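Remarks on the structure that follows.
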Amino acid sequence: MNISIKQLFGRKPKSSSIAKQRLKLVITQDRFDVDDRVMTRLHHELAEVLAKYFEFSANSVKMDLKQEGNSYILVADFPYTKFHDTNMRQ
Amino acid sequence: MGKVIVVTSGKGGVGKTTSTANLGTALALLGKTVAVVDADVGLRNLDIVMGLESRIVYTSMDVIEKQCELSKALVRDRRVDGLMLLAASQKNNKDDIQPEQMKAICDKLRTTHDFVLVDSPAGIERGFSNASAGADEAIVVTTPDVSAIRDADRIIGLLQNARIEPINLVLNRFSPQLVGNGSMMDQADVLDILNIELIGVVPEDSGVITSTNRGIPLVYEDGSPGAQAYMRIARRLTGQRIPIHNFEQKGILNNILNWFTRKR
């Protein structure tokens with residue numbers, strides 16, 4: 001962010017820097033915004049894969065997107081009740 | 001095998017068609033064989049901007065419907081060697097064409113031309129997917145204002161998902177004076193937000209209006225700043241390394257002038 005001497009002396013910031021700040025905010029939101037249908041599909045696909053290894057009840061699953069600084073984190077909680085020991089089966 | 005480049009923007013009115021016409025002509029002036037394709041079915045304009053509107057007989061729709069051969073639908077620009085236009089149908093709409101059909105046309109054109117430039121319609125719907133279906137690379141045109149840049153970012157995301165790369169940015173209608181007094185974002189600001197490669201900055205040039213009125217692309221008149229900017233971009237597209245021109249006014253006199261004319 002550019003804080004010029006003019007701004008320190010109480011002048012209004014330039015409209016170009018306001019534009020840039022506003023754009024940065026809104027574009028970060030645009031990029032982060034995941035379609036609900038995509039989230040539901042991802043949820044099903046993840047559950048399908050995890051079900052090969054773990055036992056869990058479908059309604060205990062929680063999925064969330066979190067922002068940390070400039071990056072976004074997909075947090076998925078799949079509390080499981082049992083681990084299928086795949087080594088034993090082979 | 002030639003390259004297929006889609007010229008797109010998201011937002012309308014930022015200069016896609018003007019850029020396609022000028023870059024196509026500029027590449028032909030550099031000795032390349034070029035086909036420019038209007039993908040704006042139902043709202044065609046590349047023909048009138050290039051001054052070829054009276055010579056359109058067939059369109060891409062006729063080629064798709066097998067009413068005529070692709071080679072017969074191409075209109076040759078008589079002012080320069082190696083430049084052809086494939087017009088869009090004006091009486092159909094975007095849903096009448098499938099992405100695979102556009103891709104087939106582009107793939108055929110690339111066997112006979114060094115460059116195939118596809119002028120995309122505005123928006124992120126079918127017209128855009130048709131225009132980008134056969135593209136290897138993309139040129140995203142934007143102006144330095146918030147709505148154009150926001151839409152450009154959206155289009156860049158879609159192009160990246162379609163694995164089209166490189167995606168090069170043309171910053172159009174740039175005003176050194178407005179940047180100087182703080183009322184317009186400069187190229188560094190725009191690149192900081194969009195984070196793609198800049199292939200050229202085209203300054204605001206009233207010559208664009210008169211050249212469009214006449215149907216003679218600006219690049220035919222060497223002197224104008226806009227023409228020079230498009231020629232530089234065309235050279236970069238052919239692989240020449242030319243540094244990005246710095247339009248920003250520097251020097252103490254300009255700083256004093258800007259201080260008096262500054263706006264917020």
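If you're wondering where the values come from, they're calculated on a predicted model, not measured in any experiment. No hydrogens, no waters, no symmetry mates; every other heavy atom, side chains included, goes into these values. Letters go in sequence order (proteins before strands), and every chain restarts at 1.
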| task | Hey, can you tell me if Y80(A) and F54(A) have their rings parallel, tilted or perpendicular (30° and 60° cut-offs)? | result | tilted
| request: Provide the closest heavy-atom pair for K11(B) versus S147(B) in the form atom of the first, atom of the second, distance. | output: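 Minimum heavy-atom contact is CE-OG, 3.6 Å.
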| If you take all heavy atoms of L27(B) and A234(B), which pair is closest and at what distance? | CD2-O, 3.6 Å
| query | Is any residue of residues 192-208 of chain B within less than 4.5 Å of chain A by heavy atoms, and which ones? | reply |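 Under the 4.5 Å heavy-atom cut-off, D192(B), I193(B), L194(B) qualify.
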| query | What part of M185(B) lies closer than 4.5 angstrom to a heavy atom of chain A: side chain, backbone, both or neither? | reply |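 Both parts, backbone and side chain.
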| said: salt bridge (charged side-chain N to carboxylate O under 4.0 Å, His left out) for K3(B) and E137(B)? Distances and angles first, verdict last. | reply: CA-CA 8 Å; K3(B) 263 186 205 169; E137(B) 300 185 8; 3.4 Å; yes
| said: Closer than 4.0 angstrom, basic N to acidic O: yes or no for D30(A) and R154(B)? | reply: no
| query | Which value, rounded to the nearest 0.5 Å, describes the distance between I156(B) atom CD1 and L169(B) atom CG? | reply | 6.5 Å
